[in-house]
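Order of appearance sets the numbers: ligands from 1, and atoms from 1 within every ligand.
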Amino acid sequence: MIAVSNVSFRVGRQLILDNVSATFEAGKVSAILGPNGAGKTTLLKCITGSLAVDHGAISIEGRKLEEYSLEELSMKRAVLSQNTPISFPFTAEEIVFMGRNPYALKKNNATDTEIVHETLDLMDAWHLRERSFPTLSGGEQQRVQFARVLSQIWDREKAYLFLDEPTSALDLKHQYQVMELIRQQCANKYLTVIMVMHDLNIAYQSTDKSYFLRDGHVHNFGDSKEVINAETLSEVYNLPITYAARHINFHAI
Ligand SMILES: Nc1ncnc2c1ncn2[C@@H]1O[C@H](COP(=O)(O)OP(=O)(O)OP(=O)(O)O)[C@@H](O)[C@H]1O
């Protein structure tokens, strides 16, 4: 479990996170939602340790984040950032192999290769493995990067998966496949999954818990099926929204 307790973060005099508290449980997929500039990515960066909080604390399994070594963290959690510009012509397969770097000293080439190939295949990116990464389309790059983070924690139980807009470049089918895979991995390996996202339909359908941020504070949180409602959305996005009683639900079969 991850506990975020009374976290504040400033840049200069601007308060970007204002006394944020949240808990993220193992075996659950949690969404961080809210308008542009609400502080979602900043909160995720504080949770991953790439930003140091000004006030408050973040703990993983009851231990403060700063007490973990980088090596420990790299074998416990994987992070998919929003922008990972790569201009060097690594192949897609080499990018995914980077997910196995934390285990370099315990090298088991056969296992690493199996994991890399399996995650490439699961992300429908096997056919891209020899392609130069910078030449891939936005969605293809996102799938390869997702294979990289999956490969990093593939053989770990109770690991942590932090994803900043993992489906933003994906078409409908790949969005569905990625969310199914996240849910399946989360349940089977008891992962703690935290996703920053904008797509409220995906959040409603595929996450367990949702936190709505607005102006750097938690506006509302709870079970996704309950908290993602017209009233909350109207308040958070400052846009009158009504519930469409005769909406159409498409289901993949
Ligand atoms: N280093 C920085 N210097 C100045 N302002 C910053 C810095 N980092 C973040 N901010 C500001 O803090 C606010 C929160 O940024 P953040 O990226 O966390 O928002 P977000 O909710 O993820 O937004 P989006 O949905 O647009 O990705 C924004 O107004 C942003 O401009």
Nearest non-hydrogen protein atom to atom 21 (O) of ligand 1, with distance, is K40 NZ, 2.7 Å
Does NZ or CZ of R143 lie under 6.0 Å from the centre of the six-membered ring of F146, at an angle within 45° of the ring axis? no
Decide whether a cation-pi geometry holds between K225 and Y204; the criteria are a distance under 6.0 Å from NZ or CZ to the six-membered ring centre and an angle within 45° of the ring axis. yes
Protein contact for atom 26 (O) of ligand 1 (heavy atom, distance under 4.0 Å): yes
Residue pair F24, Y211: steps toward the ring pair (Phe, Tyr, Trp, His ring centres under 6.0 Å) verdict: CA-CA 10 Å; F24 301 98; Y211 277 83; 5.3 Å; yes
Ring pair (Phe, Tyr, Trp, His ring centres under 6.0 Å) partners for H127, two or more places apart: none
Please state which protein non-hydrogen atom is closest to atom 5 (N) of ligand 1 and give its distance, to 0.1 Å? Q14 OE1, 3.9 Å
From atom 30 (C) of ligand 1, is the closest protein heavy-atom distance below 4.0 Å? no
Taking C-beta and beyond as the side chain, do L51 and C46 meet within less than 4.5 Å on heavy atoms? yes
Return the closest protein heavy atom for atom 17 (O) of ligand 1 as residue, atom name and distance. T41 CB, 3.7 Å
Would I16 count as a polar contact of ligand 1, with the cut-off being nitrogen or oxygen pairs under 3.5 Å? no
re atom 14 (C) of ligand 1, the protein heavy-atom contact at minimum distance is G37 O, 3.4 Å
Ligand 1 versus T42: contacting region, heavy-atom distance under 4.0 Å: both
Heavy-atom gap H198 to ligand 1 smaller than 4.0 Å: yes
Relative to W126, does R129 satisfy both conditions: NZ or CZ under 6.0 angstrom from the six-membered ring centre, and within 45 degrees of the ring's axis? yes
P35: numbered ligand 1 atoms lying under 4.0 Å from its heavy atoms: 21 (O)
Quick note on ligand 1: atoms under 4.0 Å from a heavy atom of G39 include exactly 14 (C), 18 (O), 19 (O), 20 (P), 21 (O)
Check each of V11, L15, L213, N36 against atom 4 (C) of ligand 1 and report the one with the nearest heavy atom. V11
With the threshold set at under 4.0 angstrom, would you say G12 reaches ligand 1 through any of its heavy atoms? no
Without swapping roles, check the side chain of R77 against the backbone of T48 for a donor-acceptor pair under 3.5 Å. yes
Within residues 171-185 or reaching into it, pairs that qualify as salt bridge (charged side-chain N to carboxylate O under 4.0 Å, His left out) - sequence neighbours excluded: R183-D208
Any donor-acceptor pair under 3.5 Å from Q142 side chain to P166 backbone: yes
Can you find an N/O atom of G34 closer than 3.5 Å to an N/O atom of ligand 1? no
